[in-house]
Amino acid sequence: MGRLTPILQRRVVETVAAIAAGEARGTALLRQLVANNDNRKLICMELADRLEAAGCADLALAMWRAACDFDPRDPEVALSRARLAAALGHDDEATASRARAEGARLAAPALVEAKAAYEASRYDDAVAALQAALAAAPFDGRAWMDLADNLREAGRHREALDAIAAMRARFPQAPMAVDAVERMGRTLMAMGRLAEAGEALSEWHSSMVHAYGAAASRLHGRQPVMLHVRRVEEVAERVVSIAPSVPVVVESPNYHPPFRIDGPTDERAPPLFVAHVRDAQVLGESGVVARGDDLVVYDEAASPSLRQDNIPEYSGWVDPEGRALTFAPSAITARLDAAVLIGGRAASNYFHWMLEHLPKVLLLDPDGGDAALPHLVNERMPRQCREAFELLAPGREVVALTKESRVAVGRLVLPSLGGIMHDDARVPLSKRMIAPETVRRLREAVLERVDTSAPSPKRVMLTRPNSVRRGCVNEAALAALLEARGFALIDPVALSFSEQVALVHNAETIVVTVGAGMTNAVFMREGARMIGLWGESVPPHYFAGLAPIVGAEMIFARGTPIPGSHPDPLHRDFVVPEAHLLDLIESEEPSWPNEERRASS
């Protein structure tokens, strides 16, 4: 089994062939391949192997060097670099690479300990573990960055600045140099040294522009403002409750083979409401809301107090008074007397749009007038997301949200999100959920409007042939097995939204790689089964919680993640053994690996 998904494997082969043939486009293809994909280390490893086999040893060594830079924690990469360096007569490089490999091996247990301590908010313990790791592997730039973060979270600000200074001295070039300046500014802000933090902000902007171009800086087209963080209840003119917070038992996902027990856990589903805020501004395409000097938090998961690396309007810089540094687009792009905010954070993703944002239209009182107001909706969305919006909110006036948007609204109607999806690793997985009331409302509204009467396959595999991350690398082999057993192989991207709904609603068994494709579980028939191909990557809790609400079964065929296939372990590619999937397909009765625990709970 190769390191890469088939689509990336084909691109590597094409690139190496062009280089070996002396084609001018070869170098450009290589740069594009490495720059445009997340799993750069594995791409460089694959390029290195194939380039060496093609007789391009010097360029192959350059690829091993790049792979070491992308992941200094992999001793096998360092050893491969050492082997080729020695073969080419670079003895000093070979010796240094072997030493790096040994340092990475010794540091690994401490890094695991540090990650667990950080996620449990035991910052002093994380600091101690990271210091031990850096004693063995001082070349690990991520460990230096993590050390600075944990020292800051522990309130040990001066030590954090010392760690950042050491990081800057050791890594004077991008990307670590850029990250060091950002961490310095964040720490100075937390200390209340605002003038120095402002200088760091300017330096961060300049270093981003120099290293990656103007568009890479969060200040590109935006201006920094300090806003007091306020909950929506504190600033809203009124808040209308739609569905209260209710207790929810979050069961463990069902894994095959049995993996671990992640529940049951008692949690509370988020409430559903509609807030009305006067004189507000909507910033960017993430649905960030400001009102005067206030930053209005209407989604707990989007609080600036948590890690928000995917919200470009946030900085993560918070001062001792609780003000957050926010990046507002420079100019007002539209002024509206009243509007409804429908779009927001991650709305270009099918899962987040369908279950967090689209259900907002179902919270509006159709007789109260709000449904007739302009709807603020993200411009960047797949066509199926737009089709779903048109299905549930036909003929509504839409104002597009883009990265440059800064929409001033006299009366902003703020429906709550359909769930709560934290991106911060310190928040327990069980707290990430879609409210059961959201699922019920969305399912009823969609199935009322979609014709599901046409015949369609009862056994379906939803494929992801063009996956470039979090992909099942052996999907093609699994698909062939299932097709021989009567499964229809369907790429959902080729279907309209209504076609997807009808397909899923009529199927008895659905096999799908864990990801946005599992969203449509909310439209399954009672008694149907969805099997998710899963590589111990993205946590399946919030997917697992969807099926029971509609009376369906969901189970996860567990695979093996491919180390280094993505910088974030949550997005790694994986391989699912054929036997794991066949066990589930060929079983006559629903398989519940945790049945004994379920019966006793």
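All values below come from the heavy atoms of this structure, side chains included, with hydrogens, waters and symmetry mates left out.
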Would you please classify the geometry between the [Y] ring and the [X] ring as parallel, tilted or perpendicular, with 30° and 60° separating the classes?
{"X": "F497", "Y": "Y350", "result": "tilted"}
{"X": "W534", "Y": "F259", "result": "perpendicular"}
{"X": "F351", "Y": "F543", "result": "perpendicular"}

Is there side-chain contact between [X] and [Y], with at least one heavy-atom pair below 4.5 Å?
{"X": "H580", "Y": "L533", "answer": "no"}
{"X": "N506", "Y": "T452", "answer": "yes"}
{"X": "H357", "Y": "L417", "answer": "yes"}
{"X": "H541", "Y": "M433", "answer": "no"}
{"X": "F556", "Y": "N254", "answer": "no"}
{"X": "V377", "Y": "L401", "answer": "no"}
{"X": "L336", "Y": "V407", "answer": "yes"}
{"X": "V439", "Y": "F523", "answer": "no"}

Legend entry - Approximate separation, where rounding is to 0.5 Å, of N520 CG and L462 CG: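 The CG atom of L462 is 8.0 Å from CG of N520, to the nearest 0.5 Å.
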Inset, instruction - Could you grab the distance from atom CD of E379 to atom OG of S348, nearest 0.5 Å is fine? - result: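 It comes to 12.0 Å.
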Legend entry - side-chain hydrogen bond (donor to acceptor under 3.5 Å, both in side chains) evaluation trace for S121 with R426: CA-CA 7 Å; S121 300; R426 293 169 292 183; 5.1 Å; no
Legend entry - Exam field: side chain R323 to backbone D319, donor-acceptor pair closer than 3.5 Å: no
Legend entry - Q384 side-chain N/O to V493 backbone N/O, donor-acceptor pair under 3.5 Å: yes
With a 3.5 Å cut-off and no angle check, do the side chains of [X] and [Y] form a donor-acceptor pair?
{"X": "S496", "Y": "S498", "result": "no"}
{"X": "R396", "Y": "H375", "result": "yes"}
{"X": "D125", "Y": "Y118", "result": "no"}
{"X": "E267", "Y": "T265", "result": "no"}
{"X": "T326", "Y": "E313", "result": "no"}
{"X": "R411", "Y": "H276", "result": "yes"}
{"X": "T509", "Y": "R529", "result": "no"}

Inset, instruction - Begin with the C-alpha distance, continue with both residues' side-chain angles, and end with the deciding distance and a verdict on side chain to side chain contact (heavy atoms under 4.5 Å, CB included) for V361 and I342. - result: CA-CA 7 Å; V361 302; I342 299 297; 3.7 Å; yes
Inset, instruction - Look at atom CZ of R231 and say whether more than 12 heavy atoms of other residues, nucleotides or ligands are closer to it than 6.0 Å. - result: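 Counting other residues, nucleotides and ligands, CZ of R231 stays at 12 neighbours or fewer.
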Inset, instruction - Please say whether more than 12 non-hydrogen atoms of neighbouring residues, nucleotides or ligands are located less than 6.0 Å from CD in E448. - result: yes
Inset, instruction - Determine, stepwise, if the pair D149 / R186 fulfils salt bridge (Lys or Arg N to Asp or Glu O under 4.0 Å). - result: CA-CA 9 Å; D149 285 344; R186 192 180 298 207; 5.3 Å; no
Inset, instruction - Let me see the working for R459 and E508 under salt bridge (Lys or Arg N to Asp or Glu O under 4.0 Å), right down to the final yes or no. - result: CA-CA 6 Å; R459 307 181 101 194; E508 296 174 354; over 6 Å; no
Which pair of non-hydrogen atoms, one from [X] and one from [Y], has the smallest distance, and what is that distance?
{"X": "A269", "Y": "V248", "result": "CB-CG2, 3.6 Å"}
{"X": "A148", "Y": "A160", "result": "O-CB, 3.7 Å"}
{"X": "I549", "Y": "P436", "result": "CD1-CA, 3.7 Å"}
{"X": "A301", "Y": "R345", "result": "CB-NH2, 3.5 Å"}
{"X": "D124", "Y": "A154", "result": "OD1-CB, 3.6 Å"}
{"X": "G284", "Y": "P329", "result": "N-CG, 3.9 Å"}

Inset, instruction - Would you check, one step at a time, whether the test salt bridge (Lys or Arg N to Asp or Glu O under 4.0 Å) holds for R386 with E390? - result: CA-CA 6 Å; R386 296 198 172 279; E390 285 298 325; over 6 Å; no
Legend entry - R260 with D262: basic N within carboxylate O range, under 4.0 Å: yes
Legend entry - Residues R443, V550; criterion side chain to side chain contact (heavy atoms under 4.5 Å, CB included); working and verdict: CA-CA 9 Å; R443 174 184 173 83; V550 302; 3.6 Å; yes
Legend entry - Name of the residue among I311, V225, V289, V288 meeting side-chain contact (heavy atoms from CB on, under 4.5 Å) with L283: V288
Inset, instruction - Can you tell me which residue pairs pass the salt bridge (charged side-chain N to carboxylate O under 4.0 Å, His left out) test with a partner in residues 285-294, sequence neighbours excluded? - result: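 Of all non-adjacent pairs touching residues 285-294, those that pass salt bridge (charged side-chain N to carboxylate O under 4.0 Å, His left out) are R230-D294, E285-R380.
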